[in-house]
Amino acid sequence: MTKGSLILLLGAVVQFAAQWPYTAAQNTTAVCSAGYDWMNNSLGQSPCLTAAWLLTPCDTAAGSTVPPLPKNGSYPTPRRDNSDLSATPCRCNSVIYSLLAACATCQGGGGQIPPWPRYITNCTDSTVEDYPINIPGGTAVPVWAFQDVSASNTWDLTTAQEVAAKGKSDKTADNYSPPGGKDGTQSRIIILAVGGIVGGLAGATVIAVSVYCCWRSKQKRKPRPLIDFGEGNKHVEEPVAHVVTPFSVGPRPQVSTEGLLQYTRCPRLNLALHNSDNPTQATRRALNTVTINPYA
């Protein structure tokens with residue numbers, strides 16, 4: 001991988017991380033029965049798919065998926081944990097509640113949603129008649145989803161049909177502004193968005209550094225090119241053999257009696273030599289009793 005390719009890859013990763021809060025894979029496998037087309041938005045999306053879109057800014061790909069309901073089933077309430085059903089601002093509002101209720105109704109299996117007071121039990125803040133975040137650009141929210149569910153503690157199908165019959169335009173990213181300063185909800189939404197971006201950038205940095213280290217490692221492992229010095233410079237000197245001669249001790253040096261009095265340090269031998277007319281015989285007799293080191 002060249003350095004230019006590495007820079008392009010890093011730029012793509014950073015751009016993806018910056019858009020991460022709105023690129024989760026919203027999806028639904030729930031299918032509405034015939035006769036509920038009036039619930040669809042101006043883009044032809046069912047209330048199930050529209051609900052999945054509105055979960056996208058706060059949830060993971062799994063959390064922004066709306067599954068089909070079994071017969072007489074019910075969509076769960078938001079939770080206090082950090083699961084895919086966590087009580088985020090995207091879930092704790094009457095707009096997503098109305099869309100999930102409509103999704104449960106249009107499937108025709110007797111599906112339902114818990115009453116509004118029980119639905120928001122785990123929500124720190126809840127929003128009625130408003131969606132507290134900017135609407136994602138890939139969807140549109142029907143006006144009937146903005147009804148006041150706190151009055152009857154549930155979503156009302158008849159009221160929704162009456163509002164839909166008036167033909168009012170859907171709410172989109174272009175014509176809708178989320179409410180601000182309502183119980184601090186907007187500030188928490190900004191913190192969530194910033195946290196998602198920072199987390200995405202951190203992950204992108206780790207990936208980029210890993211790719212760069214891998215590239216550097218491959219560069220270091222490449223063999224360096226050999227330098228051709230020409231035919232005349234290919235002489236290699238023969239190694240010089242170093243021969244080590246073992247240490248050997250020569251013959252014991254002969255000890256001369258001449259001048260022995262001058263060098264000897266043995267008093268006994270000195271006395272024998274002084275008192276004898278034949279120094280050689282005296283030396284021999286002295287050596288019988290004294291060991292002389294000639295190297296001393």
Is the closest side-chain heavy-atom distance between [X] and [Y] below 4.5 Å?
X: V141; Y: I135; result: yes
X: L49; Y: V66; result: no
X: I133; Y: P178; result: no
X: Q147; Y: V163; result: no

Run the side chain to side chain donor-acceptor pair (under 3.5 Å) test against [X] and tell me which residues pass, sequence neighbours left out.
X: R79; answer: none
X: D174; answer: none
X: D81; answer: S83
X: N153; answer: none

Report the distance from atom [atom1] of [X] to atom [atom2] of [Y], rounding to the nearest 0.5 Å.
X: W144; Y: E162; atom1: CH2; atom2: CD; answer: 14.0 Å
X: E129; Y: D148; atom1: CD; atom2: CG; answer: 4.0 Å
X: S64; Y: N27; atom1: OG; atom2: CG; answer: 8.0 Å
X: I96; Y: L54; atom1: CD1; atom2: CG; answer: 5.0 Å

Point to revise | Evaluation steps, side-chain contact (heavy atoms from CB on, under 4.5 Å), between S94 and Y131 | key: CA-CA 7 Å; S94 64; Y131 181 68; over 6 Å; no
Review point. Out of curiosity, does I120 fall in the hydrophobic cluster containing L85 (side-chain heavy atoms, cut-off under 4.5 Å, transitive links)?
Key: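 In one cluster: no.
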Between the main-chain N or O of [Y] and the side-chain N or O of [X], is there a donor-acceptor pair closer than 3.5 Å?
X: N93; Y: P89; value: yes
X: Q112; Y: T105; value: no
X: T56; Y: W53; value: yes
X: T127; Y: P132; value: no

Indicate the atoms forming the closest heavy-atom contact of [X] with [Y], along with that distance.
X: N122; Y: R80; value: OD1-NE, 3.0 Å
X: S33; Y: Q107; value: OG-O, 3.3 Å
X: G138; Y: L43; value: O-CD1, 3.8 Å
X: P179; Y: D130; value: CG-CB, 3.8 Å
X: D125; Y: C92; value: O-CB, 3.3 Å
X: C103; Y: A30; value: SG-CB, 4.0 Å

Practice item. Mind jotting down which residue pairs meet the side chain to side chain donor-acceptor pair (under 3.5 Å) criterion with at least one end in residues 37-49? Sequence neighbours excluded, please. Key: N41-Q45, N41-T50, S42-D170, Q45-T139
Mind checking side-chain contact (heavy atoms from CB on, under 4.5 Å) for [X] and listing every partner two or more places apart, or none if nothing turns up?
X: C106; answer: C32, Y36, M39, P47, C48
X: A101; answer: I113, W155
X: P70; answer: none
X: V31; answer: none

Exercise for review: Keeping to residues at least two apart or across chains, list the disulfide bond (SG atoms under 2.5 Å apart) pairs with something in residues 132-179.
Suggested key: none
**Study point:** Where at least one partner belongs to residues 72-107, residue pairs that pass ring-ring contact (aromatic ring centres under 6.0 Å, His included), sequence neighbours excluded
**Key:** Y97-W116, Y97-Y119
Review point. Sequence neighbours excluded, which residues qualify as ring-ring contact (aromatic ring centres under 6.0 Å, His included) partners of F146?
Key: Y176
Check your understanding: Hey, is CG on N175 packed in by over 12 heavy atoms from elsewhere, all under 6.0 Å?
Key -> yes
